[in-house]
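Working notes, structure below.
Computed from a prediction, not measured in an experiment: that's the story for all the values here.
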Amino acid sequence: QVQPVESGGGLVQPGGSLRLSCAASESILSINIMNWYRQGPGKQREWVAGISSGGSTNYAASVRGRFTISRDNAKNVGYLQMNSLKPEDTAVYYCNVLMGNQRYWGQGTQVTVSS
């Protein structure tokens with residue numbers, strides 16, 4: 001397959017944590033670059049975090065210090081660890097990966113932060 005498979009979304013209370021996965025384990029191609037985006041209700045889609053093939057990471061100011069992006073090259077899976085979640089983090093989260101010099105989107109996974 002080419003399309004990455006996302007998992008890990010769900011309902012969590014404020015202050016809680018979730019880990020999202022972006023898997024391409026069945027693909028012949030390896031994830032080169034991975035970025036996470038999100039789109040909250042009534043909001044524009046925004047970039048959240050990215051990681052390069054060499055492991056360099058960058059974060060949006062709104063999540064820096066709370067979210068951690070990582071990758072497991074052996075498993076061909078990327079992750080977004082989300083800690084100290086806030087209601088404003090509620091959104092559909094999408095991974096976008098560069099594989100074989102082409103970009104692919106995951107299906108999106110819902111993250112809801114609510115008491």
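- Tyr104 contributes atom OH, which lies 13.0 Å from atom SG of Cys22 (distance to the nearest 0.5 angstrom).
- Judged purely by atom type and a 3.5 angstrom limit, Asn76 has no side-chain atom pairing as donor or acceptor with the backbone of Ala23.
- Under the 3.5 Å distance criterion, the side-chain polar atoms of Thr112 are left unmatched by any main-chain donor or acceptor of Leu11.
- Side-chain atoms of Asn83 never come within 3.5 Å of backbone atoms of Ser17 as a donor-acceptor pair (strictly under, hydrogens ignored).
- Hydrophobic cluster membership differs between Val77 and Met34, with clusters built from Ile, Leu, Val, Met, Phe, Trp and Tyr side chains linked at under 4.5 angstrom.
- Both tests hold for Arg19 against Tyr79: distance to the six-membered ring centre under 6.0 Å, angle to the ring axis within 45°.
- No chain of hydrophobic side-chain contacts below 4.5 Å, direct or via other Ile, Leu, Val, Met, Phe, Trp or Tyr residues, connects Trp36 to Val92.
- With rounding to the nearest 0.5 angstrom, the OG atom of Ser52 is 11.0 Å from the CG atom of Leu98.
- In this structure, the separation between CD on Gln110 and OG1 on Thr90 is 7.0 Å, given to the nearest 0.5 Å.
- The structure places OG of Ser84 at 9.5 Å from CG of Asp89, a figure rounded to the nearest 0.5 Å.
- The two atoms that bring Ser53 and Ile33 nearest to each other are N-CG1, 4.3 Å, heavy atoms only.
- Put simply, OH on Tyr93 and CZ on Arg38 are 4.0 Å apart, with the number rounded to the nearest 0.5 Å.
- One hydrophobic cluster, built from ILVMFWY side chains closer than 4.5 Å, holds both Ile51 and Ile31.
- A heavy-atom distance below 4.5 Å is found between the side chains of Val48 and Phe67.
- A donor-acceptor pair under 3.5 Å is absent between the side-chain atoms of Gln39 and the main chain of Ala91, judged by distance alone.
- Looking at Arg103, its side chain never comes within 3.5 Å of a backbone N or O of Met99 through a donor-acceptor pair.
- Under the 4.5 Å side-chain heavy-atom criterion for ILVMFWY residues, a single connected hydrophobic cluster contains both Tyr59 and Met82.
- In this structure the side chain of Val111 reaches within 4.5 angstrom of the side chain of Leu18, judged on heavy atoms.
- Between atom OG of residue Ser115 and atom CD of residue Gln13 there is a gap of 6.0 Å, rounded to the nearest 0.5 Å.
- Taking the six-membered ring where the residue is Trp, Trp105 and Tyr94 present perpendicular rings, their angle passing 60° and hence far from 30°.
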